[in-house]
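The structure under discussion appears below in the form of structure tokens.
Start at 1 and go down the list; that is how both ligands and their atoms are numbered. Since this is a predicted model, take the numbers as computed values, not measurements.
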Amino acid sequence: MSAKTKFIFVTGGVTSSLGKGIISASLAKLLQARGFKVGIQKFDPYINIDPGTLNPYEHGECFVTEDGAETDLDLGHYERFLNEPTSQANNVTTGRIYQTVIDKERRGDYLGSTVQVIPHITDEIKYRIKLIGKKHNYDFVITEIGGTVGDIESLPYIESVRQLKWEMGSDCLVVHLTLVPYLAAAGELKTKPTQHSVKMLLEQGVQPDIIVCRTEHHLNDNIRDKIARFCNVLPSSVVESIDAKSIYDVPILMRNEMLDSEVLKLTQTPVTKEANIEEWEEFLFKLKNPIETIQIALVGKYVELQDAYKSILESFVHAGAQNQAKIVVNMVHSEQINDQNVADMLGKYKGILVAPGFGERGIEGKIVAVRFARENKIPFLGICLGMQCAVIEFARNVLNLKDAHSTEFRPNTPFPVIDIMENQKKISGLGGTMRLGAYPCEILKDTLAYDAYGKEQITERHRHRYEFNNDYLSRFTEAGMVPTGINTKDDLIEIVEVKDHPYFVGVQFHPEYKSTVATPHPVFMSFVRAIKKYQ
Ligand code: GLN
């Protein structure tokens with residue numbers, strides 16, 4: 001559309017976890033629904049080069065893009081909302097910024113000048129902010145700044161935003177998300193934290209243009225006027241973001257609050273058409289009017305932490321809505337499952353999913369869960385490590401290879417049915433060195449996989465070092481665990497299925513990274529259909 005890209009920044013104040021990612025994705029969705037080309041990216045102020053090496057307890061799931069970048073889980077929201085892939089360029093950390101600047105300094109690119117936060121670090125940040133807009137010719141680029149205003153580590157980002165606002169005028173806009181807490185004792189909503197947080201931004205030279213207020217209760221006109229007056233914005237630029245039942249309600253709530261119109265007005269963008277969100281509303285209708293409720297188990301080791309399995313949980317929301325079923329995903333701790341209690345722990349569920357993961361903790365419980373699903377003919381889906389556990393279980397209990405294991409956990413196992421890939425053996429560093437991103441896979445006909453995808457050539461995203469060991473392939477196939485998806489170029493088994501079972505599928509890749517509201521993932525769709533059929 002327009003030749004010039006407009007830049008919208010989303011900052012956060014008062015506290016973390018207010019949902020900047022969802023607000024950013026919702027605004028992007030509304031602008032996209034008006035026919036604009038929108039890109040969305042996240043800048044994280046921590047020093048890690050990327051979240052690939054982070055423990056899920058720190059930042060939740062690591063989201064993997066088509067081009068194999070290990071990124072922040074907010075990129076998953078961006079893809080699920082916009083139905084468009086993101087890439088390495090959409091997630092930048094302080095670590096990456098500094099690494100680039102230091103590399104340039106070592107090469108001598110700065111010609112002897114003193115390398116400083118301003119201008120060298122801020123110039124690198126500004127360059128990266130503009131990058132995706134140029135590449136894709138976006139009308140709008142929404143940039144979420146991680147962290148909370150006032151953090152020492154976010155200073156260079158806020159300074160970069162200040163400079164860009166100065167340089168670009170109305171082509172650059174700051175949306176500041178704050179909290180308006182409700183004091184039950186006083187029976188009142190309080191605006192002071194918002195005022196303070198805006199003051200903090202002002203101290204750093206940035207006047208926010210729109211203030212989005214996260215709140216448990218509706219904001220009345222008084223509150224809106226008060227925030228507008230103290231924070232130098234128009235009353236129409238004070239936007240309520242009330243707690244929602246589902247994150248997928250937020251685009252609708254933001255449209256009702258006219259956040260997108262306000263953005264168009266303030267960036268002086270001509271309004272060409274209203275947002276067409278019919279499909280989104282249809283999805284919401286299905287989501288809210290399920291015909292049945294189905295309980296399934298997710299066997300993993302991060303049960304206290306929903307964020308660790310974010311994309312899997314969202315994939316069930318998408319596939320459930322499409323199938324008019326509310327899928328309740330119960331977290332079951334793999335460390336607590338054993339042969340004696342497995343029937344008690346898993347017997348009540350209509351489907352069992354064994355989660356991806358790294359490290360030995362909880363492995364034996366996962367293997368017991370697989371066995372229970374296989375022997376009791378409960379629909380089963382194993383993802384990545386979950387698939388590897390299915391292979392180990394089959395080796396031990398069907399092929400009678402008693403100590404079969406993955407060499408990730410038993411380097412000296414006599415039966416290494418899951419083994420490290422040849423090209424992984426010489427790798428020493430941990431960051432960004434796995435088999436990452438999209439790889440092609442050929443689907444064999446007359447299989448559950450083919451039922452799901454309905455085609456022979458697919459691509460799926462990966463994040464692992466270990467693989468099915470082909471030395472054992474004929475034994476598995478003869479005994480009834482067959483490969484149904486293969487990477488023919490490198491001869492890697494990507495999908496296994498157990499015959500003589502209503503639905504037993506293990507996938508070496510991560511289907512959850514590709515499920516969106518507009519296109520629920522075929523594997524989750526087929527798993528949900530199977531659960532409905534066999535329950
Ligand atoms: N730890 C396993 C591997 O590296 C599985 C990884 C995963 O589940 N993402 O191969």
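- Rounding to the nearest 0.5 Å gives a distance of 8.5 Å between CG of Asp403 and CZ of Arg410.
- When Lys326, Gln535, Gln324 are each tested for a side chain to side chain donor-acceptor pair (under 3.5 Å) with Glu292, only one passes: Gln535.
- Within the structure, side-chain hydrogen bond (donor to acceptor under 3.5 Å, both in side chains) contacts touching residues 343-354 (residues at least two apart or in different chains) do not occur.
- At a heavy-atom cutoff of 4.0 Å, ligand 1 is surrounded by Pro356, Gly357, Phe358, Cys384, Leu385, Gln388, Glu408, Arg463, His464, Arg465, Tyr466, His510.
- Below 30°, between 30° and 60°, or above 60°: for Trp280 and Phe81 the angle between ring planes is between 30° and 60°, a tilted geometry.
- Thr94 and Tyr157 form a side-chain donor-acceptor contact under 3.5 Å, judged by distance and modelled atom types alone.
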(request) Begin from the C-alpha positions of Asp103 and Arg106 and carry the test salt bridge (Lys or Arg N to Asp or Glu O under 4.0 Å) through to its verdict. (result) CA-CA 5 Å; Asp103 285 348; Arg106 290 290 83 182; over 6 Å; no
